[in-house]
Amino acid sequence: MSFSEESPSVDALQISDDWDVYSRFSKAQKHFIIFVVSVAGLLPTLVIGTFVPSIPQIAHDLDSKGAVVSLAVSLSVFANAIGGLVWAAYSSFYGRRLMYLWGMPILCIGSFGVAVSSSLRSLLFWRFVQAFGCAGGVSVGVAVIGDIYGAEQRGAALGVFFGASLLGVALSPIIGGTAAHYWSWRSLHFSLGVWGIIEMVLIYLSFPETSHPQSGETRKRKLMFNFVLINPFNSLWLLRSPNIMAVTLANTSAMVTDYVLLVPIAYTIGARYHISNEALIGACFLPSGLGNFSMYTFCCSSALTFNVICAQVASLVAGRLSDVMVAKWKVKRKGIWVPEDRLRAVLVGGLLVPLSVGLSGLVTAYIAGPLGLVLNLLCLLMNGIGVDFVLTPIGSYNVDVLQSRSAEVIAAVTAFRAIILAPVTAAVLPSIEMLGVAGTNGIATVIALVGYGLIVLTIHYGDRMRAWVDVGYTPLES
């Protein structure tokens with residue numbers, strides 16, 4: 001499928017005030033657009049996730065320690081935050097398409113640089129470049145979907161997008177672990193660079209501009225060489241909104257549990273259940289398994305298909321459920337749309353997040369053998385489903401309340417989250433060494449419960465919170 005010069009690019013159209021901006025693309029075109037941005041949205045999670053299982057091998061190759069090499073994960077999260085702000089800010093001026101075309105070459109250069117790194121210093125530098133290049137995959141991708149879908153369809157579409165992104169969270173560790181054990185972590189990063197090249201060609205040939213024109217005006221086409229300096233950090237001012245800050249803290253609290261479970265997995269589940277194979281350590285992220293004939297591997301591999309399907313279904317269900325909540329409560333209010341109604345979907349599965357991380361810490365500390373491994377895999381599954389039910393409705397909510405600056409608000413949320421997650425990832429292993437797995441996971445459980453409480457408060461008092469600070473919210477429809 002391709003889009004010619006006659007495609008409905010907003011850069012070339014003059015639009016009347018009563019024209020429906022969401023009708024520019026056909027259903028098939030919208031599905032294709034979702035596919036392209038979902039593939040791009042996979043890249044940031046693959047860049048981060050494929051690295052983690054190979055940390056012990058990279059530490060050995062570079063004559064370093066695992067805790068030191070794991071700093072590259074924190075640096076990648078930080079680079080993702082900065083890059084997301086940059087790509088989001090410029091996407092509001094130049095459009096979505098050019099941001100993909102500018103970011104992919106940087107990803108490719110960074111990936112090739114990581115692959116040839118011979119020292120920890122060069123590894124950290126190229127990891128920053130690599131993560132910066134693909135950082136727009138999520139913020140710009142969410143904005144693209146917000147551009148082409150209205151409020152009552154947006155949640156389901158974003159459910160597909162976040163499902164694809166979270167599929168990367170599930171698959172990237174096993175890809176990274178398998179590559180480290182059977183191939184080479186260097187070859188893996190060469191492959192990520194090649195993927196970036198393929199994605200760049202696909203976008204160049206077939207991806208249209210989706211951003212909204214201003215009603216009644218013609219937006220002049222921005223040339224690639226006509227560079228305008230924009231302060232990307234202006235997007236962070238959107239966080240002064242009490243609503244955005246509350247859901248961002250809730251979003252971050254869920255991701256904290258994810259990182260607490262996954263970043264140290266080689267030193268928690270791997271060490272506790274005697275799994276030294278990098279591929280099998282990566283398999284625990286799914287949880288799933290590859291390869292061997294041991295009981296531990298059987299326990300992992302038997303969950304492969306089930307867990308991947310559950311992760312995707314959870315994201316799709318969460319997105320669809322958030323749309324249902326919007327429509328249901330709009331009818332109850334006789335046509336009045338309240339964006340906080342979408343957050344009611346979080347209440348359905350959000351409690352799985354604190355429950356899963358707390359149970360995993362206790363199981364790892366006190367239950368040995370195959371039973372402990374199986375229970376841990378179930379906890380990881382619960383956590384993945386719970387995180388889906390938190391991230392997808394919140395992502396849609398952010399677009400709902402700030403549609404005109406959707407890329408920027410997603411980037412601001414991601415940046416703030418990264419500010420928290422970067423030191424968290426660096427502190428997880430030292431915390432486990434000091435407090436133990438159960439103690440560290442207990443802290444994460446409390447954080448997740450606080451986040452859940454913030455969602456409840458936002459649902460009940462969101463209208464008053466929006467009245468405190470106006471950051472240019474989408475007008476309520478009646």
Side-chain angles (χ1 to χ4, degrees), residues 77 162 166 169 239 241-265 268-269 310-311 314-315 317-318 321-322 325 340-367 375-398 413-414 416-425 427-428 431-432 434-462 464-465:
V77 174
F162 283 123
L166 293 171
V169 175
L239 295 176
S241 160
N243 303 64
I244 299 299
M245 177 55 74
V247 297
T248 298
L249 289 172
N251 178 314
T252 303
S253 69
M255 290 302 296
V256 164
T257 68
D258 214 28
Y259 277 66
V260 166
L261 286 174
L262 298 182
V263 169
I265 199 168
T268 54
I269 294 177
C310 283
S315 184
V317 170
L321 182 61
S322 71
M325 291 294 182
E340 285 75 28
D341 289 335
R342 188 180 295 280
L343 298 176
R344 296 178 188 276
V346 178
L347 304 181
V348 177
L351 278 177
L352 291 177
V353 176
L355 181 63
S356 60
V357 70
L359 288 177
S360 178
L362 295 174
V363 168
T364 303
Y366 299 110
I367 302 179
L375 291 175
N376 259 303
L377 297 181
L378 290 175
C379 289
L380 292 173
L381 171 62
M382 289 170 57
N383 185 262
I385 293 174
V387 169
D388 283 344
F389 268 90
V390 173
L391 298 189
T392 301
I394 287 178
S396 300
Y397 172 77
N398 287 332
V413 168
T414 303
F416 179 86
R417 189 172 65 198
I419 291 172
I420 304 300
L421 292 180
V424 166
T425 54
V428 169
S431 176
I432 289 174
M434 181 181 300
L435 303 176
V437 178
T440 300
N441 286 29
I443 294 173
T445 301
V446 174
I447 292 172
L449 286 172
V450 171
Y452 189 86
L454 288 172
I455 292 295
V456 174
L457 291 175
T458 305
I459 291 172
H460 287 91
Y461 302 105
R464 302 180 194 178
M465 294 163 66

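Quick caveat: nothing in here was measured; it's all calculated off a predicted structure. Quick note: numbers below take in every heavy atom, side chains included, and nothing from hydrogens, waters or symmetry partners.
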(Q) Filter on side-chain hydrogen bond (donor to acceptor under 3.5 Å, both in side chains), then keep only pairs touching residues 434-448, sequence neighbours left out; what's left? (A) Ser431-Thr440
Q. Excluding sequence neighbours, so at least two apart, what forms side-chain contact (heavy atoms from CB on, under 4.5 Å) with Ile447?
A. Ser253, Val256, Ile443
Minimum heavy-atom separation for [X] and [Y], please, with both atom names.
X      : Y      : value
Ala365 : Ala438 : CB-CB, 4.1 Å
Ala254 : Val387 : O-CG2, 3.9 Å
Thr257 : Ala448 : CG2-CB, 3.8 Å
Pro393 : Val346 : CB-CG2, 3.7 Å
Gly386 : Leu352 : CA-CB, 3.9 Å
Thr458 : Leu454 : OG1-O, 2.8 Å

Got a second to check how far [X]'s [atom1] is from [Y]'s [atom2], nearest 0.5 Å?
X      : Y      : atom1 : atom2 : result
Ile394 : Phe162 : CD1   : CZ    : 9.5 Å
Ser322 : Met325 : OG    : CE    : 9.0 Å
Leu457 : Leu343 : CG    : CG    : 11.5 Å
Ile459 : Leu347 : CD1   : CG    : 4.0 Å
Phe416 : Ile419 : CZ    : CD1   : 7.0 Å
Ile455 : Phe389 : CD1   : CZ    : 14.0 Å

Q: Using the side chain to side chain contact (heavy atoms under 4.5 Å, CB included) rule, take Asn383 and Ser360 through it: C-alpha gap first, then chi angles, then the decisive distance, then the call.
A: CA-CA 10 Å; Asn383 185 262; Ser360 178; over 6 Å; no
Min side-chain heavy-atom separation [X]-[Y] under 4.5 Å:
X      : Y      : value
Asn243 : Glu340 : yes
Tyr452 : Val353 : no
Leu391 : Met255 : yes

